[in-house]
Each structure stands twice: as C-alpha cells, then as structure tokens.
Amino acid sequence: MTVAFLAIVFFVLILIGAPIAVALGGAAVLSSIFFSPIPTGILGQKLLTNLEHFTLMAVPFFFLAAALMENGGLVRRLVDLATALMGHFKAGLGMATVLTCIFFAAISGSSPATVAAVGNILYPALLKEGYSKKFSIGAICTSGSIGILLPPSIPLILYGFVTETSIPKLFLAGVVPGVIYGLLLLFTARFLATREGVEVRQRAAVGEMGRAFRVSFPALLLPIVIIVGIYGFPGFELFGMQFEGGAIFTPTEAALVAIGLAVIVGMLIYRELKVRDVFNVVAATVPRVGMIFWVTANALMFGYFITKIGVPAKLAQLVLDAGLSPVQFLLCVNVLLVIVGFFLEGVPTILIFAPLLEPAARSLGIDPVHFAIIMVVNIELGLITPPVGMNLFVASSISGMSVLTVFRAALPWIAATLTALLLVTFVPQVSLYLPALMK
Amino acid sequence: MIRRLDLLLCGFEKLMMVGLTLVGVCLGLLQIILRYVFNSGIHWLESVLVISLVWAMLFGASRAIREGYHPRVDLLPMAMGPRGRAVLNLLAYGATLALCLYYAYDAIFYANFLNMIGAVNQETDIPELYFFLVVPITMVFFSLRYVLLLLSLGRDIGALKPEEIYLSKIASNKGQGK
Amino acid sequence: ASIANAEPIKIVMSDDSAKVSLKGQTFEKFAEEVKKRLGDKVVIELHHSSTLFDQSDQVQGLQLGAVNFIAPTTGTYATLAKGMNAFNLPFLLDTPEKFSAAMQDETVRSIFVPQLRSKNIEPVAFWINGPRVLGYSGNKDVLTPADIAGMKIRVQSAPVYVKTFEAVGANPVSVNWGEAPTALQTGVIDGAEVTPNAWKGSGMYEMINHLTLTNHMYSYYMVGTSKNWWDGLPDDVRSGIADALKAATDWNLENGLKMNSDDVEFIRQSGVKVHSLNDEQHAAWVAKMKPVWKELGEPLVGPEVMARLKEIAGAAD
Ligand code: NA
Ligand code: NA
C-alpha cells in the first residue's frame, strides 16, 4: 500500500513535469506523512547529512577541473595534438575527434562536459575539413559519452557513494570497456567517413607533430597526474634510494590536484586564464553541480524512506524467489535501464536505481563492480536517446540542429554503443580484469 | 520589485558560491601540501572543506532554479496546448514550492532543536547549528525563487520553458531601469 | 481496555555497523531477547550498516524520536557531553574492568549522565567494542614509539586521537573510515588503529603485514535510548526491555573478548605478523602518550573527575 502510493506520487510528479529532485523528495515526504510518520526535524537534518561526505566532494572538484581546462586553453591544445597525430589517416579528423574525447574523458567526469568542450572546437573543424554535418555531429555526440566510462566518472563516484563500493576499483573497471568502446567508435568513424569519401589531409611534418606534442605536453600532464595519482606507479630505485610504488591520492585529492594544475598551466604557461576567469568559471560551474547535489539529497531522502519501509530487501527477495538466472536478470535490467534512459539523466538514474538493484544483483552473485559498469554503459546510451538526452541537447546547441536531427545523425554510431553494452553485460571479465589486479 | 529581489538573491548566491568554493578548494590543496610535503596536517581541515562546499553547492542549487538547470521530464507538457500546460505548470511548480516550504519548516524546526540542545561539532568546536543553517536559509531561497518565478510568469504560465520566460522578463525590465 | 488488544509498541533500532560485526550480533541478540520476553506486545525494526542513520546523525535521530535504540562509540555523544572524550584518553580506562568501574562511579557519571538526560538521552548500557591495535604495512616492526615516528596513521578526527598519535611522533591523518581501505591499499596512509574486529570486518587486514597489539585505548559503545520514550513505556514493557538488554550486554562481554582474540588469531593466520609488547615496550608507549592526559583530560572534565578517573585506573600522572 505504502509502496504503491509512493510509486504513484513519484510518477505523477514526474509526468506533470516537476523537477526530478522534487518527484523524489515529494514522494517520500508525502508517503511518510500519510503512512509512516517521521518526526519533525529529521528530514531537515537529512538534507544536510545526506551531502556531508568527503567522497561526494569529488563531483564539484572534477567539474571545476574540466571547466578550468577548457577555459585555460588546455582542451584546444589537446585537440591540436590529436589532429596532428591522426589528421593524415583516412578519416583522420573523424578519428581524431574520438581520440580527443578519450583524452578529455580522462579528466572530465561528465559526458555532456566532454561533448561541450570537444564539440565547440571540433565541430567547425570537421565541417571545414569536408565532413558532412550529419557525420560531425554524430561523432561528437556519441564519442562524448565515453567521458563517464573512462575514469574519473561522476556516475561511478555516485554509484560507489550510494552502494559503498570502492571508487578506485570502479574507476579501474571502466578502463577496458572504455578503451574497447573507443576502438569501436574509431572503427565506426573510419567506416562512415570512408563511405562519405572525405579527402585525406597531408601527413603532418615530424616537426609539426613534435611542436603539437610539446605545446600540449602541460595539458597532457593532467590526465597523467590523475591516473598515476589514483593508481600509482611501480616501485623503483634511483641513486640507491628506494621509492615505494603505490597510489598517491584518493580520487577526491586527485581532482583537487587537477584543479591546481589546470590553474597553473592555464595562467602561467598558456596565459589564457586570468584571475577573473577563475571566478567566472566557478560561478558558472557551481549551479550545475548544485543541481546534482540537490538531486542527490532528495534521492537519499527517497532512499531513507524506502529503507525504512523495507523495500530494497523485499525487492532482492523477490528477484531471488522469481528464480531468475543472473543472465535473465541482467537482460531485464538492461531493458529497464534502456527505457529509463529515454527519460532520465545519468545522475538520477544512478541515485534511484543503484540502491534498489545492487542488492538484488549481489544476491544473484553478480559483482557490484561489474553491475556498475553495466549501469554506466546504459547511461551512456541514455545520453544519446531522445526525448531526454544531455549529449543530444549539448550537440543540438553546438550545431543549431534539432534534437531529433542530432539523434538521427547519431544512430549509426549507436551500433557501437550497443555492441559495447552487450559485451560489457555478458563478459564480466572485461570490467573485472583490471580491478582484480589491484591488490 | 521582482527584479530587485532577483538581484539581491543573485548577489548573495554568487558571493556564497564563489567564496565558499574557493575556500574549499584552497583548504583541500593546503591539506594535500601539508600531508605530502610537510608530513603533517590539521585535523579540522576536512570537515570545514566539506561544509564549505556543501554550502556553496546548495546556494548553487538555488541559482540553478533561476537558470532552469534542475532536470525535469517535460514530455506531457510538450504534448499539450498552452492551456493544458498552464495547468501542469501550476501543479508542478506548486508542488515544488510546497515541498520547499515543507523542507524550510522542517529545517527551521531542526535548527531550533540544535540551538536548544547546543550540540558542538567535535572537529571544530563550532556549534552544529552554524553548519546546519545553510539548509533553512537555502530552503527559504528556493521558496523565494519559485515564488518569483510563478509571479513573473503571470499570463505566460503556459510556457514550455518557464525559466526562459523569467530570464527574458528580468532582462527586459532592466531597460526600463525600474 | 485489555492489554491484549493494545497496538504493539514499535521499537526501532539503528546499528551503524555490519550485521556480522560484534555490535551487529549484539543488536541481533538484544532484539531476540526482547522478542522472547515481550512477544506480540512489540514489533522490532532493526537496521544494520547505517542504512537508517549513520554515525553523524543517529544521536539527533534518537533525540527526535525517529529511532529508539542506538549504540555508537562513547565519543559520539561528546557533541552533547564534552567530558565523554576523556574516556578515550590513551592507557586510562584500557580494560573492560576499569571502564565498568568508572561507569558505575557517581563522580564520573556526573560529567555525562545529567547532560545527556537533559537532552532526552538515557544511557542504558555499555557494550564493549575492543582494544585499539596498530596495523600497518611496511618492512619494519613497530615495537616502541621511536619506530612509529613519521608514519602516516589514520585516526578519527577528534582531538584525543590526533594528540595521542602526535605524542608518539607519528603523523596522524584523519581520513574518514569509508575511505580508509582505499587510502591504506593505495599507500595514502601507512596504517590505522582500530579494533581487531574492525580490522577483520572491513577487510583491511588484507592490506597490512604487521599488527602491533598496542592496546592503547579500549573502545566502548554506549547504548542510548530516548528518555521521553523510555519513561513513557508501560512498566512491564520497560522492564522486559531492560532484562533483554542485560542479557545482550552479558552476551556482548562474554563474546566480545573472545571475538577480539579470535580475530587477532584469524589475522595472524592470514599471514600478518602479530607483535605483542613486553613490559618495557608497553611502558615506553605509556610514557609517551600519557602527557595527553594533562593536555586534554583536565580541561575536559576538571581536576576532580580526572583525579577520580586516575584513581580508578590505578595510575598516577
Ligand atoms: Na572521465
Ligand atoms: Na535519453
């Protein structure tokens, strides 16, 4: 009864167009008022305690780091490097687009941020090089989604946060699927560009490549510092001194260091970032993260309420009693998440479904880390499916095309996403190989 | 009037967002430098970092109302005419305002309770009340923002993107120098 | 009205640790004993693993009546009764006997019982958690304070833990418990100081190769209930719960000691080198850490109570 009421209020609020945070919080509050009273003051208290966690601070830090990189001219130089490396190949700039997305994905925790940062620079460049609008926007819109599969990743941070799974493990788990997905996209780019018959650019001179590398080197430092900082380096000996290997930072600290480096490189080396810009970047970024915090606080409120009335345990029991095999369960989850992906963004999807589905998955013996990657690839798909798809929205604003036109342009690329999804779902080793090495 | 209140809210939000985010980032960097370079640390740094950022992000969430960043599913509103949309918008934004007011009430009650029992944060020796104040304050901000939005919409309540109407009205008022 | 037809009383318990832990098991025992005594008169809701309230918000949840029983470590209540931090001074109440004696002492009780009661909290029982022991990875044995110099040790962020490890020249780092396994695994910290049960339960024993039984503090849980709720219970229900609590507390003491030593053995079996301190080494740790009493003890509880605590501990400055 309570559960039915909760679900109805939630869906009605979603349908009439209330903010998703309000649907979550409102459903919990209204149900508690009618069926399971919570003493006054507890909800107010929860709004703060839901957010007061050091791990969650990685979200604003990675957002800021990415925004500062873009404003400090770091992204542009990464694009130049990718172009110099790939420009002379058949479908070179198309593949360079994918490669740039991979570079940027390794600092940005958000796919829409990747689309925005890379797309603004590469979309005009692709058109100039003779690629069709359709190809260009499809490439950017889809490749950008890799931002949340390669570490760092905001959805993975939130998944780790709500299910208490190790975040470095989750990050590592995304690497192999991310690289495979990247290769699939490179292949798609080549295939589509060849069909379009785009002309090949002249091979960049060795000197030019060297220059591009030198210029972009400080920008390349950021992904390197983040990856090495979180996962560490092998131990070594230098001048008789023994250096121990091992990671240096927690993910949250790595994001802080990335901010520091982005400011130093942007201000002192590239000299494109002024103190004023830093203030502006912060003022422009915080409301977007504030939105995520607000959804998080309400999702956890929703979570508090469903825990109180015992829903996740019952759901896990239901899945067990239904006698689903792990494969059947994962198929159901995929269908569910694809449908959810039409309407919901990544952050609310993780916050609503991870606490519900993860216990059920675990009871079937599915590794929570594997399950997280399945969820994230589904979210990537959701980013490019209408009517609600953040990548579609960003790509549409970059290109001035309608959301549906962008979606049609992205369709051939979605084949790569679906292949990645199937692979990740049914071959757990793809996700679990690297985390297993971490000991 | 609406414009003046909007300016006031914007100013305060921006101050909190930028000031406290920078405080958080600087404390975080300081902690890393202390820990890895000087092999020392300040034990209250982390909790102050966290609370500054939470404050900044909640004020950011208030600002996000103005900019229309809070995600919602507008399928049904899109499928409807302006009249139907007007009803849906009234319901949706009415429900949102109601929730914010309820949260504000609950948070004020809790703030009062914290004040009464005098709980003191262990790491910083600062009363928990001061940390918590962000919730009642921002809930009042949220409520004000939604009231402003509803008021400014007026006849345009059937808009598909109410926040855009609000922003354009605020901008057009500017010219008249009210 | 007949009692038989009355609505059952709902008892909500919130546990901030896992079901399999010593505290989780004690809570299960408590719930079972209540059920045994009161049957259909009560409905028990027991939530483990901080799913309802976590370490930071459970005390307020209790005061407001959203939960009826919690059992955080004694230091958690220090937000309301500052003096309770003194129970964690190093090598002061470092055995269950000393702690139990202190909790029955009127002078000692005067620093927290009235404060808590006035804030709607009734202390109803104390459960043991275990001795804090030092686990670390590295290639040297830590046997004396000199060995720990410069090591990055994860501590809780309250001043008493920080000062204690500063006193031996270590570098106390307050990583929160959730991030501690990652921090240890990746070398952000060299070691941590928690109970054997916590080393095992968190899986963190797999990330260390040494465990030194410093036993520098003994950690206890205080079971708290909401005073208004407790006083308002029908007499038979209250005494039934009190009896059940007594049974659970006895079970906790008996099994807690055994569980902690079993856990040390388990950790040893898994390949971690376990070091016990001889008297001389023990004395060296005491000598280094004891100045913290003077620095924190008297300002926290005043000279009179501090003197009484020392008397119970059988120790001079
Ligand atoms: Na990323
Ligand atoms: Na979608």
Side-chain angles (χ1 to χ4, degrees), chain A residues 12-23 25-26 29-30 33 40-45 47-48 51-54 56-57 59-61 64 248-249 252-253 255-257 259-260 278-280 282-283 285-295 297-298 343-345 347-348 387-388 390, chain B residues 13-14 17-18 21-22 24-25 28-29 31-32 36 46-47 49-51 53-54 56-64 66-67 69-78 85 88-89 91-93 95-96 98-100 102-113 131-132 134-136 139:
Chain A
V12 166
L13 284 171
I14 289 277
L15 264 185
I16 64 173
I20 288 160
V22 172
V29 167
L30 214 58
I33 289 175
T40 314
I42 294 293
L43 297 179
Q45 173 200 34
L47 281 179
L48 185 64
L51 299 175
E52 267 184 310
H53 298 276
F54 187 64
L56 195 58
M57 303 308 130
V59 177
F61 290 156
L64 279 175
I248 310 166
F249 309 122
T252 316
E253 290 173 332
L256 273 164
V257 172
I259 291 180
V278 175
F279 289 111
N280 289 336
V282 173
T285 310
V286 171
R288 297 185 182 279
V289 189
M291 176 276 278
I292 294 181
F293 269 52
W294 184 234
V295 181
N298 281 281
F343 307 102
L344 278 190
E345 281 179 49
V347 168
V388 181
M390 281 311 286
Chain B
E13 282 159 0
K14 189 167 180 183
M17 290 185 326
V18 176
T21 302
L22 291 179
V25 170
L29 287 171
Q31 188 180 29
I32 292 174
Y36 297 103
E46 189 175 300
S47 57
L49 175 162
V50 169
I51 200 73
L53 278 166
V54 172
M57 296 309 136
L58 282 176
F59 278 102
S62 170
R63 181 57 171 261
R66 181 187 194 260
E67 313 295 330
Y69 290 163
H70 289 289
R72 58 192 204 119
V73 178
D74 52 5
L75 274 191
L76 193 59
M78 229 166 3
R85 256 194 322 252
L88 287 185
N89 277 346
L91 284 174
Y93 285 91
T96 306
L99 181 69
C100 293
Y102 184 84
Y103 278 156
Y105 153 78
D106 214 80
I108 290 169
F109 178 93
Y110 187 70
N112 215 352
F113 163 80
F131 286 170
F132 181 73
V134 67
V135 181
M139 287 310 102

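All figures in this text were calculated on a predicted structure; none of them were measured in a lab. Below, each value reflects all heavy atoms present in this structure, side chains not excepted, and no hydrogens, waters or symmetry copies. A, B, ... follow the sequence lines: proteins, then strands. Residue 1 opens every chain.
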To the nearest 0.5 Å, tell me how far Met57(A) CE sits from Glu46(B) CD. 9.5 Å
Under 4.5 Å from a heavy atom of chain B, the part of Ile14(A) involved: both
Of all heavy-atom pairs linking Val50(B) and His53(A), the shortest is CG1-N, 3.9 Å
Rounded to the nearest 0.5 Å, the NZ atom of Lys14(B) sits from the CG atom of Asn280(A) at a distance of 5.5 Å
I'd like to verify something: which residue of Thr252(A), Leu48(A), Val29(A) has the highest number of heavy-atom pairs under 4.5 Å with chain B? Leu48(A)
Residue Ile42(A) versus chain B: region with a heavy atom under 4.5 Å: backbone
Might you work through the side-chain contact (heavy atoms from CB on, under 4.5 Å) test for Leu53(B) and Phe61(A), ending with a clear yes or no? CA-CA 10 Å; Leu53(B) 278 166; Phe61(A) 290 156; 3.2 Å; yes
Determine whether a donor-acceptor pair (N or O, by modelled atom type, separation under 3.5 Å) exists between the side chain of Asp74(B) and the backbone of Gly17(A). no
What closest approach, in Å, do Ala18(A) and Arg72(B) show between heavy atoms, and which atom pair accounts for it? O-CB, 3.5 Å
Top residue by heavy-atom pair count (under 4.5 Å) with chain A, among Pro77(B), Pro71(B), Ala64(B)? Pro71(B)
Region of Leu22(B) that comes under 4.5 Å of a non-hydrogen atom in chain A: side chain
Minimum heavy-atom separation for Ala61(B) and Gly290(A), please, with both atom names. CB-O, 3.4 Å
Using a 4.5 Å cut-off on heavy atoms from C-beta on, say whether the side chain of Leu58(B) contacts that of Leu51(A). yes
At a 4.5 Å cut-off on heavy atoms, which part of Leu29(B) comes close to chain A: side chain, backbone, both, or neither? both
To the nearest 0.5 Å, what is the distance between CD (Gln31(B)) and CD (Glu253(A))? 6.5 Å
Largest heavy-atom contact set with chain A, pairs under 4.5 Å, which of Leu49(B), Asn89(B), Val134(B): Leu49(B)
When only pairs under 4.5 Å are counted, which of Tyr102(B), Tyr93(B), Phe113(B) shares the most heavy-atom pairs with chain A? Tyr102(B)
On a heavy-atom basis, which atom in Val135(B) and which in Gly44(A) lie closest, and how many Å separate them? CG1-O, 4.0 Å
If you look at every heavy atom in Leu15(A) and Leu76(B), which pair is closest and at what distance? O-CB, 3.4 Å
Using a cut-off of under 4.5 Å on heavy-atom pairs, state which of Gly260(A), Pro60(A), Ala283(A) scores highest against chain B. Ala283(A)
Which bit of Leu43(A) comes within less than 4.5 Å of chain B, counting heavy atoms only: side chain, backbone, both or neither? both
Compare every heavy atom of Tyr103(B) with every heavy atom of Gly25(A), then report the nearest pair and how far apart it is. CA-OH, 3.5 Å
Close side-chain approach of Val282(A) and Met17(B), heavy atoms under 4.5 Å: no
With Gln45(A) via side chain to side chain donor-acceptor pair (under 3.5 Å) - residues at least two apart: Tyr110(B)
Side chain, backbone, both or neither: which part of Val25(B) has a non-hydrogen atom closer than 4.5 Å to chain A? both
Considering only heavy atoms from C-beta outward, does the side chain of Leu47(A) approach that of Met139(B) to under 4.5 Å? yes
If you tally heavy-atom pairs under 4.5 Å against chain B, which of Leu256(A), Val278(A), Val347(A) wins? Leu256(A)
Between Ile292(A), Asn298(A), Leu64(A), which has the largest tally of heavy atom pairs under 4.5 Å with chain B? Asn298(A)
Contacting region of Ile32(B) [heavy-atom separation from chain A under 4.5 Å]: side chain
At a 4.5 Å cut-off on heavy atoms, which part of Tyr105(B) comes close to chain A: side chain, backbone, both, or neither? side chain
Portion of Thr96(B) that has a non-hydrogen atom of chain A nearer than 4.5 angstrom: both
Measure distances from Phe279(A) to the heavy atoms of chain B and classify the residue's part below 4.5 Å as side chain, backbone, both or neither. both
Any side-chain heavy atom of Ile20(A) within less than 4.5 Å of one from His70(B)? no
Just to verify, what does Leu30(A) make a side chain to side chain contact (heavy atoms under 4.5 Å, CB included) with, not counting sequence neighbours? Phe5(A), Val9(A), Phe34(A)
